[in-house]
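Since the structure comes first, as structure tokens, the remarks are kept for the end.
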Amino acid sequence: MRTSLLRSMESVRRSGSGSVPGQLLRRSFVSSASTPQRKVAILGAAGGIGQPLSLLMKLNPLVTHLSLYDIAGTPGVAADVSHINTPAEVKGFATEEQLGQALEGADIVIIPAGVPRKPGMTRDDLFNINAGIVKSLCTAIAKYCPHAIVNMISNPVNSTVPIASEVFKKAGTYDEKKLFGVTTLDVVRAKTFYAAKAKVPVAEVNVPVVGGHAGITILPLFSQATPATNALGDEDIKALTKRTQDGGTEVVEAKAGKGSATLSMAYAGAVFADACLKGLNGVPDIVECSFVQSTVTELPFFASKVRLGKNGVEEVLGLGSLSEFEKAGLESLKPELKSSIEKGIKFAQEN
Ligand SMILES: NC(=O)C1=CN([C@@H]2O[C@H](COP(=O)(O)OP(=O)(O)OC[C@H]3O[C@@H](n4cnc5c(N)ncnc54)[C@H](O)[C@@H]3O)[C@@H](O)[C@H]2O)C=CC1
Ligand SMILES: O=C([O-])CC(=O)C(=O)O
């Protein structure tokens, strides 16, 4: 029994992204006393993403303290999640006065606070509301937990990450190694769609996704997908690319006015936070794609593979070799990504 559990743990570990189930299995073998104290704060914890993400972080054995903050509905979510018999100690914080307490001592702050899209909207249409929310939350982070790693989920990520960087710069706390735009859902989607089309086991699939997190700025690199296959032609790759770029819209339309991806996003957010925790704890060779400060292209922020370590970003990895189709995609995404980054920077500088 134990041998077969260990075997499945090993196969999950080897598959990279997607180690949350592995942790659930491992829970029976690793005592909480052997792991460092780690506080994770979720801002927007009572929302569509926040609730399942709170659940998944409560299941993560690397989390010792889980701080749940929202401006509405936190007490119920915190009480509910706190009854789960895993080691993480849960506390809920419900008002702006309590935000400081929610953040104090946090190692990682995950931000899914803000409004989601409705059909017909772009992520950029969320800017006017979410920019202000992100700015005020980041101001509090700079004050109460300036050394925390920040995982930004709130859209438009292509602008909210630059906003956060400017807020931290103004406060004198900016550390480019600790600010991440969460693009893991693009990787999760690319893996799922590729596995189905190439008919390979999804747990073995890896696909880097680079660029940003909106429409054509999402650039999956299927030429680097593993396991490699000859079964896919140019038209298949084009279709897979388009489906990955439009994955968010596919969910927004299917939900028909009731919001955007929440469950798959909570999964992706939990995978990325788990990778950050492992990096903090000194686990070697933790690599995930993320939207970070970057010199990979001429743009100041760019999503690519990133090696995570004890201080956050240990190394931003290059793009590797691209197909002609991907090279063209890279050039065509740059103007839109540049303007979204500049919009975020301008907002933060002027407000
Ligand atoms: N990065 C990514 O891949 C993805 C990002 N998103 C984005 O995540 C965000 C949240 O989406 P959902 O959870 O579906 O929305 P939601 O509306 O269900 O939840 C948002 C929560 O944020 C809370 N909130 C609002 N202002 C706040 C503040 N100042 N402080 C703390 N909490 C605050 C609300 O009370 C609500 O509970 C959206 O901007 C959405 O576009 C969604 C899916 C994927
Ligand atoms: O599409 C949206 O609005 C939410 C999102 O970022 C995603 O699902 O990738």
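Each ligand, and each atom within it, is numbered from 1 in the order the structure gives. Scope of the values below: all heavy atoms of this structure, side chains included, with no hydrogens, waters or symmetry mates.
- Which parts of ligand 2 touch A261 is read off a 4.0 Å heavy-atom cut-off, strictly below it: atoms 8 (O).
- Aromatic pair F180/F291: ring centres not closer than 6.0 Å.
- Atoms of ligand 2 found under 4.0 Å from any heavy atom of R189 (numbered from 1 in listed order, with element): 7 (C), 8 (O), 9 (O).
- Residue contacts with ligand 2, taken as heavy atom pairs separated by less than 4.0 Å, do not involve V157 at all.
- Contact residues for ligand 1 (protein heavy atom closer than 4.0 angstrom to any ligand atom): G44, A46, G47, G48, I49, Y69, D70, I71, P112, A113, G114, V115, P116, L126, N130, I133, L137, I153, S154, N155, V157, V182, L185, H213, S260, A261, T262, M265.
- A donor-acceptor contact shorter than 3.5 Å links the side chain of D236 to the backbone of G233.
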(Q) Checking R117 against T122 for the side chain to side chain donor-acceptor pair (under 3.5 Å) test, could you report, in this order, the C-alpha distance in whole Å, the side-chain angles of both residues, the deciding distance, and whether it holds? (A) CA-CA 7 Å; R117 283 201 282 166; T122 66; over 6 Å; no

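- Applying the salt bridge (Lys or Arg N to Asp or Glu O under 4.0 Å) definition to pairs two or more places apart or across chains, none involves residues 56-77.
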Pair up each side-chain donor or acceptor in residues 312-327 with any protein partner under 3.5 Å, not counting sequence neighbours, and list the distances.
residue: E315; atom: OE1; partner: R307; partner atom: NE; Å: 3.3
residue: S323; atom: OG; partner: E326; partner atom: N; Å: 3.1
residue: S323; atom: OG; partner: E326; partner atom: OE1; Å: 3.4
residue: E324; atom: OE2; partner: K327; partner atom: NZ; Å: 3.1
residue: E326; atom: OE1; partner: S223; partner atom: OG; Å: 2.7
residue: E326; atom: OE1; partner: S323; partner atom: N; Å: 3.0
residue: E326; atom: OE2; partner: F222; partner atom: N; Å: 3.1
residue: E326; atom: OE2; partner: S223; partner atom: N; Å: 2.9
residue: E326; atom: OE2; partner: S223; partner atom: OG; Å: 3.1

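- In this structure D107 satisfies the side chain to side chain donor-acceptor pair (under 3.5 Å) test together with R38, sequence neighbours excluded.
- Side-chain atoms of N351 and K135, non-hydrogen and from C-beta on, do get closer than 4.5 Å to each other.
- The neighbour count for K338 NZ, taken as heavy atoms of other residues, nucleotides or ligands under 6.0 Å away, does not exceed 12.
- Each of the atoms 1 (O), 7 (C), 8 (O), 9 (O) of ligand 2 lies under 4.0 Å from some heavy atom of G248.
- In this structure, a donor-acceptor pair under 3.5 Å is present between the side chains of T217 and N158.
- Under the 4.0 Å criterion applied to side-chain N and carboxylate O atoms, D124 and K343 are assigned as salt-bridge partners.
- Neither the backbone nor the side chain of L126 has a heavy atom within less than 4.0 Å of ligand 2.
- The protein non-hydrogen atom at the shortest distance from atom 3 (O) of ligand 2 is R117 NE, 2.6 Å.
- Taking 4.0 Å as the cut-off, V251 does not count as a neighbour of ligand 2 on heavy-atom distance.
- In this comparison of M265, R123, K118, the heavy atom closest to atom 7 (C) of ligand 2 sits on R123.
- The ligand atoms of ligand 2 that sit less than 4.0 angstrom from a heavy atom of H213 are 5 (C), 6 (O), 7 (C), 9 (O).
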